[in-house]
J.: 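Take this structure, written in structure tokens, and hold onto it; I'll ask about it next.
In this text the structure is predicted, and so the values were computed from the model without any measurement. No hydrogens, no waters, no symmetry mates; every other heavy atom, side chains included, goes into these values. Every number for a ligand or one of its atoms is a count from 1 in the order of the listing.
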Amino acid sequence: MTVESVNPRARSAAADALREPPLAGGGVPVLGHGWKLVRDPLRFMSRLRDHGDVVRLKLGPKTVYAVTTPALTGALALSPDYRIAGPLWESLEGLLGKEGVATANGPRHRRQRRTIQPAFRPDAVPAYASVMEEEAHALTERWRPGQTIDCTSESFRVAVRIAARCLLRGEYMDERAERLCVALATVFRGMYRRMVVPLGPLHRLPLPPNRRFDRALADLHLLVDEIVAERRASGRKPDDLLTALLAAEDGDGAPVGEQEIHDQVVAILTPGSETVASTIMWLLHVLARYPEHADKVHDEVESVTGGRPVAFEDVRELTHTSNVVVEAMRLRPAVWILTRRAVTDTELGGYRIPAGADIVYSPYAIQRDAKSYAHHLDFDPDRWLPERVKDVPKYAMSPFSVGNRKCPSDHFSMAQLTLITAAVATRYRFEQVAGSDDSTRVGITLRPQNLLLRPVPR
Ligand code: HEM
């Protein structure tokens, strides 16, 4: 049954006739399922499918709906009955601004997507080749044999530099990219704490971590203002995303406001660096943990390049390397949780979803589900070979999401991740060193707690 009547009253009556999703088990009085979600969110989200395709969760007094099957996450992402909202987005808005593409809805969102999309089109990505190559090789050149690499800062560094240099091009970017790295790493750490413990006064106390967070957030906004002001003052209009943002017009043909330009730059840089950095950390982890796959990547790159430094145009031939990237993203998706809000009474999987309801789903749970993947927890890049990929259910692997909120940067991200993996695996083997902690740290993204590796030259 669907609720597709154009008449809102008829639509609402039809929605009322639908079943209510079952309540997930394991809730406790007062806190409901909240304590489990805070204590072990990945385990909690991964077990919800046992309770139903759509289940109700109690988070304190609030009811939240969780979607647990690949097909229904696709239906949710593609349906116009939901918009971007919910606690995740509200806390992001509070810190990063309300006027950027990642948190906008409706006509403003469509207009902003039109502005940013050209910079990410598959045919635009080759223009970033030289920066991606330079940064991937610079990463390996920074490392010395036997040295301990702090994978968190190294991954952030390269991710921020590539995003900033490619999309906001400019000479000043090198020095700014370093400042952006420091600011973003601190902001992301603090932001997750503020999301899971939304106690405003606590975060305003003049404690060192709060001061560090406030300073980093202020510097992030200052940096963005500087970048915009300098580009304006230079009079230059290179063919890049910043030029497109500065030239954007609102729905009435007037230039967009300063706040929107600022929030747009923030909205692109922040998701762009945190997600890529986390994925690079997991890729380095994979290379250390599965030396046989690292060797296979090395052999593939050598056979494609014949021993010269790997280049952007090799990427499309590096099929195994790309499958390693996809498999790493399957098991450790940077974006592990997503939320939506119903804009109307509607249905999902035959269940009633009331207007205003918050809906949550976990790409982590979906991509590790035994119902979708044979040997679901094995790291097996060959499951992405053409003859096997057809066994993967639709929407069971959507790390960039689908629909109108799909990440604009899927080609841009895949190109740089494949290139970086190829560059580092051809030059080094990796070993974890004492003090390294590769357990999963749950934050706004998933990443290793503190991955420390030793590069061993090949
Ligand atoms: C491994 C890399 C990345 C992953 C896994 C990833 C994942 C995602 C996902 C899942 C969404 C959709 C969120 C939703 O449905 O609610 C998204 C949106 C977005 N991503 Fe990415 N992303 C990555 C890299 C990037 C990069 C490099 C950039 C920019 C430089 C970027 C910019 C954005 C923006 C602007 C949105 C909001 C789109 C909209 O709402 O219309 N992402 N990303």
Side-chain angles (χ1 to χ4, degrees), residues 67 73-74 76-79 82-86 88-89 92-93 96-97 99-106 108-117 119-120 124-125 128 131-132 135 155-156 158-168 180 184 240-242 244-245 263-283 322 325-326 328-341 358-364 366-367 395 397-418 420-421 444-447:
V67 177
T73 60
L76 175 72
L78 293 167
S79 166
Y82 306 92
R83 66 184 177 94
I84 284 277
L88 173 70
W89 299 107
L92 286 178
E93 262 183 12
L96 301 177
E99 297 190 20
V101 62
T103 46
N105 279 294
R108 182 202 286 265
H109 174 253
R110 282 193 291 280
R111 167 171 67 71
Q112 293 184 331
R113 278 293 290 224
R114 277 198 300 275
T115 304
I116 66 167
Q117 203 73 44
F120 293 103
V125 177
Y128 309 128
V131 171
M132 287 187 186
E135 292 294 340
S155 304
F156 251 104
V158 68
V160 170
R161 289 180 64 90
I162 290 181
R165 290 188 62 200
C166 290
L167 303 169
L168 312 175
L180 272 172
L184 282 174
D240 72 355
L241 183 59
L242 186 51
L245 293 177
D263 290 358
Q264 278 281 67
V265 176
V266 176
I268 286 153
L269 273 182
T270 42
S273 43
E274 170 84 6
T275 48
V276 172
S278 305
T279 309
I280 295 171
M281 290 175 223
W282 288 122
L283 284 163
S322 157
V325 174
V326 174
M329 290 172 74
R330 179 181 78 84
L331 287 169
R332 315 278 193 186
V335 179
W336 66 278
I337 192 151
L338 288 168
T339 62
R340 292 286 187 273
R341 184 167 292 158
D358 281 335
I359 312 156
V360 60
Y361 74 94
S362 169
Y364 176 93
I366 297 284
Q367 290 168 198
Y395 307 122
M397 180 62 194
S398 305
F400 295 102
S401 191
V402 292
N404 67 339
R405 312 306 300 225
K406 176 174 181 274
C407 182
S409 154
D410 47 352
H411 297 283
F412 179 82
S413 301
M414 282 307 293
Q416 59 172 307
L417 292 168
T418 309
I420 290 170
T421 307
I444 290 178
T445 59
L446 292 188
R447 61 161 116 138

J.: Check whether any side-chain heavy atom of Val276 sits under 4.5 Å from a side-chain heavy atom of Ile162, and report yes or no.
T.: no
J.: Determine whether any heavy atom of Gln112 lies closer than 4.0 Å to an atom of ligand 1.
T.: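 No heavy atom of Gln112 comes that close to ligand 1.
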J.: Using the test side chain to side chain donor-acceptor pair (under 3.5 Å), find all partners of Asn404 that sit at least two apart in sequence or belong to another chain.
T.: none
J.: State, yes or no, whether a side-chain contact exists between Thr339 and Asp358 at a heavy-atom distance under 4.5 Å.
T.: no
J.: Find out whether Ile280 and Ile420 are in side-chain contact, i.e. whether some heavy atom of one side chain is under 4.5 Å from a heavy atom of the other.
T.: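 Yes; the side chains approach each other to less than 4.5 Å.
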J.: Quick test: of every protein heavy atom, which one is nearest to atom 12 (C) of ligand 1, and how far off is it to 0.1 Å?
T.: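 Atom 12 (C) of ligand 1 sits closest to the protein heavy atom Arg405 O, 3.3 Å.
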J.: Just heavy atoms, cut-off under 4.0 Å: does Arg113 contact ligand 1 by side chain, backbone, both, or neither?
T.: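 The side chain, only.
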J.: May I ask you to list the atoms of ligand 1 that are less than 4.0 angstrom from any heavy atom of His109?
T.: 39 (C), 40 (O), 41 (O)
J.: Less than 4.5 Å apart, any side-chain heavy atom of Leu167 and any of Asp240?
T.: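 Leu167 vs Asp240: side chains apart.
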J.: What residues, two or more places apart in sequence or in another chain, satisfy side chain to side chain donor-acceptor pair (under 3.5 Å) together with Arg405?
T.: Asn105, His109
J.: Which ligand 1 atoms does Val276 reach within 4.0 Å, using its non-hydrogen atoms?
T.: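 Taking each heavy atom of Val276 in turn, ligand 1 has 2 (C), 27 (C) under 4.0 Å.
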J.: Given that the side chain starts at C-beta and the backbone is N, CA, C, O, which of these parts of Ile84 lies under 4.0 Å from ligand 1, counting heavy atoms, or is it both or neither?
T.: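 The answer is the side chain.
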J.: Give yes or no for whether the N/O distance cutoff of 3.5 Å, strictly under, is met between Thr279 and ligand 1.
T.: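 Min N/O separation from ligand 1 is not below 3.5 Å for Thr279.
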J.: For Ser409, which residues count as a side-chain contact (heavy atoms from CB on, under 4.5 Å) partner, sequence neighbours excluded?
T.: Phe120, Cys407, Phe412, Ser413
J.: Please report whether ligand 1 has a polar contact with Thr339, defined as an N or O pair separated by less than 3.5 Å (distance criterion only).
T.: no
J.: Got Met281 and Phe156 here, is their nearest side-chain heavy-atom distance under 4.5 Å?
T.: yes
J.: Between Leu167 and ligand 1, which residue portion shows a heavy-atom distance shorter than 4.0 Å: side chain, backbone, both, or neither?
T.: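 Near ligand 1, Leu167 shows its side chain, while the N, CA, C and O stay back.
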J.: Near Pro399, which atoms of ligand 1 are under 4.0 Å from a heavy atom of that residue?
T.: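 In order of number, 5 (C), 7 (C), 10 (C).
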J.: Between Leu269 and Ser273, which heavy-atom pair has the shortest distance, and what is it?
T.: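 Residues Leu269 and Ser273, closest heavy atoms: O-OG, 2.7 Å.
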J.: For atom 16 (O) of ligand 1, find the nearest protein heavy atom and state the residue, atom name and distance (0.1 Å precision).
T.: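 Minimum-distance protein heavy atom for atom 16 (O) of ligand 1 reads Arg340 NH1, 2.8 Å.
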J.: For atom 21 (Fe) of ligand 1, how many protein N, O or S atoms come closer than 2.8 Å?
T.: 1
J.: Under 4.5 Å between any side-chain heavy atoms of Arg113 and Val101, yes or no?
T.: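 Yes, side chains in contact.
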J.: Which of the numbered atoms in ligand 1 are below 4.0 angstrom from a heavy atom of Ser401?
T.: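 Checking each atom against Ser401, I get 10 (C), 12 (C), 15 (O).
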J.: Atom CZ in Arg330, atom OH in Tyr364: separation rounded to 0.5 Å?
T.: 10.5 Å
J.: Heavy atoms only: which of Val101, Leu338, Thr73 is nearest to atom 35 (C) of ligand 1?
T.: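 Residue with the shortest heavy-atom distance to the ligand atom: Val101.
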J.: Is any side-chain heavy atom of Val326 closer than 4.5 Å to a side-chain heavy atom of Met414?
T.: yes
